[in-house]
Amino acid sequence: MQLVRHSESPLLYPNPLHRWEAMNVFNCAVIQHNGLFHMHYRAQGVDFISHIGYAVSIDGLHWNRLENPVVSPHQGRDDYRGVEDPRVVRLDDIFYMTYTAYGINSYFPMIARSENLITWEDVGPLERAQNKDHVLFPEKIGGRYAILHRRSPNIWIAYSDDLKTWTDHEIIMKPREENDWDSKSIGSNGPPIKTGDGWLLVYHGYEAQHIYRHSVALLDLENPAKVINRPKSFIMEPTETWEIKGDVPNVTFSCSSIVVGDELYFYYAGADRVIGLATAPFNDVVAFARGSD
Amino acid sequence: MKIFFVSWGLLIILCASVPIAYTQEENLVNLNHLRFLTEPVSIDEQDMALVHIYSEYPDYEWVDAAGEGLSAVDDVARAAIVYLWQYEQTQDRELLDLARRCLNFVLYMQAVDGEFYNFVTDKSGTINETGGTSYKSLGWWAMRGMWALGEGVRVFDSIDSSYADKLAGAYLRTESAVNASLTNYGQMTSLHGYEIPAWIPGGEPAVAAIGLLGMSAYYQARPNDQTADIITKIADGISHYRLGNDSTYPFGMHPVLANAPGFWHDWGAHMTHALVIAGMALDRQDWIESAAASADSFLLRQLAFERFRNIGVVPDRLNQIAYGTNMLVLTYTSLYEATDIERYAIYAGLAGSWYFGDNMAGVQMYDPATGRVFDGINGPVSWRVNRNSGAESTIEALMSMIALQNIPKAVDLLPVNATGGNNYLILQAEDGQRVVGTPVYYPADWTGEGYVSAGRYIGIGEGQRMRLKFEIDQEDDYLLYVAHLHQSASNNVNVIERLVTAPTIDGDLADWPEDLAALESNTPRQFLRGAGLWQGPEIDSHSVRLGWDSEALYIQTVVRDPQHDQSGTLSSVWQGDTLWFYFTYPVDARTLSAKFTLAQTPDGPQVWDWLNTRFLEGANLAWQAYENGYIYEASIPWSSLDVDQPQPELQVGFEAGRTIGGNSFMDLTGRDPDVAANLLRMTLVESGGNTDTSTTPKVFLEVRLDSDDSVLMPQMISPDSDYFWLDQVTSEPIPLEAGEHTLRYEYAADGGDSRNPGLAKVDAFYIQPAVAERIFQHPDGRTFTLTYNTLTGEATWEEENLD
């Protein structure tokens with residue numbers, strides 16, 4: 001089971017005419033809403049400070065970008081180095097973005113909300129600790145908000161009633177030392193996708209060489225801390241020139257996978273420089289996650 | 001004639017109590033961190049030293065990563081040189097002992113034929129004999145080994161002559177191997193109209209230059225005719241291979257690769273430095289003048305505008321490291337030593353100021369208090385600095401400090417910071433607005449001769465027009481350049497004829513049509529790497545003939561090679577004689593659709609599929625030796641090449657290459673075959689069909705800046721293969737005011753042949769002030785201004801004390 005790169009990839013390049021996205025456009029969230037695809041993407045200009053830009057598309061392939069970022073550093077010393085890696089879900093008619101604030105004392109995970117996908121308002125941090133790769137489930141579980149996050153090198157889960165106070169932190173998946181691609185660290189990609197077999201989690205991992213690869217796992221619908229199955233092999237790794245060479249080599253990084261028709265659309269960044277798309281029949285991915293491929 | 005003057009505004013030296021990067025009480029050279037990385041070991045009952053490769057922030061303990069190995073000649077040899085050089089400064093016998101241990105490791109890693117392995121994988125000295133950065137070769141690590149041996153002989157000759165003799169014996173083995181590779185001496189290769197010496201070892205002047213440093217050190221200790229002869233040949237080659245001038249690309253550089261005349265990277269680029277050292281050793285003023293000419297143009301450009309990591313054909317400044325900086329420092333310190341001209345001491349100081357914070361991140365990279373050196377800068381902000389301190393960074397910085405420490409004028413300038421001046425702009429052609437029509441957008445990266453900037457370029461065809469708005473920060477006179485493709489006359493159009501009868505795959509070519517045209521790889525320009533190892537077409541070359549039918553692509557390749565050597569199977573065949581094939585379909589596909597090797601292995605003929613890491617499905621191969629080499633005959637089913645319906649007029653991309661030793665590689669185009677866009681464009685035709693499909697593309701580009709008259713670029717047709725180049729749009733400077741400007745560019749001819757449509761292929765525009773200016777502030781209050789007029793070559797240096 002391997003994802004197949006879309007022939008038009010890369011879809012999005014840096015735009016040197018915009019100072020804030022002149023150098024790199026990469027880790028992006030994509031959701032479908034009102035018949036359109038909406039993308040929030042991390043971008044860096046000549047100062048390498050990360051901003052979050054917005055683009056819209058009718059087919060998920062060809063994008064129109066706003067001239068200015070929709071989220072920029074705004075917390076002074078706490079995020080002056082950038083706002084990074086957006087992941088977006090729609091939950092109770094509100095859009096929530098999880099992103100990473102990068103400031104003077106390292107980085108920490110933030111949550112923001114919006115009603116129109118353009119203007120965003122901070123809800124608050126998940127915690128003021130070195131943590132990232134956090135992503136909300138697209139619906140409440142047991143009446144509470146649920147979030148996956150990464151206290152290195154593991155994937156954790158936590159719950160909240162108000163998106164501000166998070167409790168019941170628990171490790172759900174760890175790196176597999178014996179496995180050759182995710183032995184050092186793992187983290188969630190985009191929001192989990194609900195299926196009849198469980199939550200489909202697409203996640204990334206790397207080994208000693210820091211090559212970022214991706215695979216899937218199935219989490220229990222009612223208790224996502226319970227991993228139903230986690231295949232040993234990966235479904236995506238950097239092979240194209242634009243995935244191997246760029247700002248950070250050998251990195252494919254994804255903040256969203258969505259279901260478009262019968263296909264899984266896996267949006268990802270190539271070498272922290274450009275944005276691409278890979279796809280696979282959704283049923284095949286779920287079958288692989290179940291371990292019955 | 002260059003004019004250089006120093007105008008001393010006020011010669012008042014203040015004793016100001018301002019912070020500077022290090023104190024005068026502190027020695028500039030601190031070996032503590034290098035000593036920490038150096039671990040004494042005993043291998044085969046010999047005292048040796050390893051140098052640990054990585055040391056990571058914040059605790060800077062050893063980090064021995066898996067993979068390549070624990071320690072390498074690359075680092076240990078250079079560490080030996082650092083210890084030797086500093087021993088000469090201090091007479092500290094402990095440093096001599098460390099140098100001896102390092103040199104013993106270098107001796108241990110030498111093979112009997114003078115080549116070197118690079119890595120050991122453990123402290124007991126297990127050599128990594130097959131790794132891609134460790135196999136036995138005469139490349140980078142061998143030349144560093146040779147440099148250390150030469151320096152060792154020079155220093156130990158007066159201290160321990162028997163040990164010096166031992167080092168000399170090893171040195172001479174490598175020198176002899178280098179000498180054997182100089183068979184092409186006197187021959188020139190023509191590439192893109194440039195005459196390039198064909199004898200530079202390995203076809204890599206950057207690698208050869210390291211060897212030249214070792215030979216010069218050895219010659220200094222033990223003058224002899226053979227060493228002088230080898231130095232002369234190599235230095236003549238490097239000296240001759242300097243291209244362009246102050247305003248004409250490539251701006252007076254000594255290129256790093258013989259088959260890439262427009263490409264230079266700063267990592268280990270000691271060509272200019274080595275010419276000075278060799279010139280001093282053999283008293284050859286012409287080599288020193290060649291070095292000075294490059295140092296006063298191409299290298300000065302980096303001090304007066306800004307440092308770049310590589311250029312080819314537009315500059316890229318990211319990924320700066322000490323390994324690149326040291327080359328610049330040593331070039332200028334050696335020129336100062338050779339000429340006693342003060343400007344070189346000034347330039348050495350400016351180059352060295354990079355270590356103390358005069359860099360795009362504004363971060364002090366070398367700490368004289370600890371001897372640590374940060375590993376690199378990848379952006380103009382502090383958090384894009386890699387604060388690890390590995391062996392290479394530490395060693396290269398220490399070489400700089402040792403060379404600088406006795407040049408007061410240079411040391412005085414180490415704490416300066418650039419605070420003003422002007423700079424150039426790079427505009428990506430693909431970022432322009434489409435005014436009329438839609439260009440073809442080509443993704444690309446390394447072309448085999450350089451990098452396509454920002455990973456894309458465009459092809460503008462008939463009736464198409466683009467517009468690009470940009471801003472100028474300060475009013476100035478600018479030179480406008482375009483980075484675009486010089487296209488070959490035939491645009492590599494070739495044909496594959498249908499075969500009436502499929503040949504039997506048995507190694508006997510008698511059943512092939514006699515009149516099939518051959519694709520030949522038999523000239524030095526067809527080397528992607530390692531042309532210097534080539535001994536001519538009778539010893540190493542290959543001819544490829546192709547045919548097709550509805551089932552398969554048929555390949556016959558006649559290889560000239562006196563000895564077939566293949567002991568590997570499956571994916572290990574790359575270490576022996578192997579023929580590599582690359583294929584794209586559709587012809588403009590962005591990635592390869594097939595990559596496979598033909599090899600005659602101990603298990604018989606094997607066709608290995610490198611994209612799917614298995615045997616290529618359905619492929620059939622036969623191999624046959626003949627008097628001067630051997631023959632591969634193969635059939636490759638179209639299904640394995642992702643072609644559903646082969647038919648006349650169908651176009652595919654194709655390349656065939658092989659190694660002739662080391663990491664050399666020659667193919668049909670001389671370009672990197674792993675980049676799909678570099679492959680030959682082949683057209684399927686009927687049997688006996690028209691084989692003359694060559695057409696010269698029409699390449700006309702018209703450029704207009706603001707409301708000025710447009711300029712029609714002369715048609716840029718390459719005499720051989722496609723290549724990007726940076727050409728001036730106008731030779732006269734263009735005055736531009738601060739503010740917004742518009743660049744318009746369009747195709748300016750009727751279209752071309754349908755098989756070879758006329759497209760102007762443009763990567764970027766480069767807009768550069770005619771006179772570079774850089775203002776430096778010294779912590780003690782002095783201000784310096786460096787200017788470099790890229791039209792006249794004049795440079796000025798003014799110093800004033802604002803207090």
Side-chain angles (χ1 to χ4, degrees), chain A residues 2 4-19 21-25 44-50 62 65 73 79-82 84 102-107 180 183-184 207-211 238-249 270-276, chain B residues 63-68 316-319 360-361 377-386 423 425-433 441 443-447 451-456 467-471 586 588-593 595 610-613 672 674-678 740 764-765:
Chain A
Q2 289 286 302
V4 176
R5 288 162 179 80
H6 194 281
S7 61
E8 294 194 30
S9 289
L11 305 178
L12 218 64
Y13 286 86
N15 182 353
L17 300 182
H18 295 159
R19 285 180 184 270
E21 60 173 342
M23 295 302 290
N24 302 306
V25 294
Q44 291 177 330
V46 293
D47 56 6
F48 287 95
I49 292 171
S50 293
H62 305 95
R65 297 145 84 157
D79 67 359
Y80 80 101
R81 290 178 175 181
E84 306 178 346
Y102 185 24
I104 190 77
N105 294 316
S106 190
Y107 54 85
D180 56 5
S183 57
K184 290 295 180 191
E207 28 62 284
Q209 304 296 320
H210 280 235
I211 297 172
T239 57
E240 300 291 313
T241 303
W242 52 272
E243 297 163 352
I244 294 168
K245 294 180 178 179
D247 193 43
V248 181
D272 281 12
R273 169 66 46 81
V274 295
I275 291 171
Chain B
V63 177
D64 295 326
E68 47 198 0
D316 179 0
R317 69 176 184 164
L318 298 181
N319 287 313
M360 64 175 155
I377 304 174
N378 199 18
V381 286
S382 61
W383 65 88
R384 298 280 291 187
V385 172
N386 179 344
N423 210 343
L425 272 81
I426 298 166
L427 305 175
Q428 299 301 331
E430 65 271 21
D431 289 319
Q433 291 176 288
Y441 292 84
D445 185 61
W446 174 249
T447 64
Y451 290 101
V452 171
S453 65
R456 281 193 303 173
R467 178 176 60 206
L468 191 54
K469 292 187 176 175
F470 64 98
E471 284 194 12
D588 288 324
R590 296 172 181 183
T591 56
L592 298 175
S593 48
K595 174 180 177 178
W610 289 85
L611 298 186
N612 298 298
T613 58
D672 183 350
D674 281 311
V675 177
N678 289 341
E740 189 174 272
F765 294 92

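In what follows, chains carry the letters A, B, and so on, assigned in the order in which the sequence lines appear, proteins first and then strands, with residues in each chain numbered from 1.
- Residue B:Leu427: no heavy atom, backbone or side chain, is found under 4.5 Å from chain A.
- Among all heavy-atom pairs drawn from B:Val381 and B:Ala361, the shortest one is O-CB, 3.6 Å.
- In this structure, no portion of B:Asn319 lies under 4.5 Å from any heavy atom of chain A.
- Counting heavy-atom pairs closer than 4.5 Å to chain A, the top residue among B:Arg384, B:Met360, B:Gln428 is B:Arg384.
- Looking at B:Ile426, neither its backbone nor its side chain comes within 4.5 Å of chain A, counting heavy atoms on both sides.
- One finds a salt bridge joining A:Glu243 and A:Arg5 here, because a Lys/Arg side-chain nitrogen approaches an Asp/Glu carboxylate oxygen to under 4.0 Å.
- Interface remark: of the candidates B:Leu318, B:Leu592, B:Asp445, B:Asp445 forms the most heavy-atom pairs closer than 4.5 Å to chain A.
- Both the backbone and the side chain of A:Pro10 have a heavy atom closer than 4.5 Å to some heavy atom of chain B.
- For chain B, the nearby part of A:Glu8 is the backbone; its heavy atoms alone come within less than 4.5 Å.
- For B:Tyr451, the ring-ring contact (aromatic ring centres under 6.0 Å, His included) partners at least two apart in sequence or on another chain are B:Phe263, B:Trp446.
- Summarising the geometry of A:Met23 relative to A:Gly45, their closest heavy-atom pair is CG-O, 3.1 Å, with the distance given to 0.1 Å.
- Ranked by non-hydrogen atom pairs under 4.5 Å with chain A, the options B:Leu611, B:Asn378, B:Asp674 are led by B:Asn378.
- The backbone N or O of A:Ile211 sits less than 3.5 Å from a side-chain atom of A:Glu207, completing a donor-acceptor pair.
- In this structure, A:Lys245 places its NZ atom where more than 12 heavy-atom neighbours from other residues, nucleotides or ligands lie under 6.0 Å away.
- The two atoms that bring B:Glu430 and B:Ser453 nearest to each other are OE2-O, 3.9 Å, heavy atoms only.
- Residue with the most contacts toward chain B among A:Val274, A:Thr239, A:Asn15, A:Asp47: A:Asp47 (heavy-atom pairs, distance under 4.5 Å).
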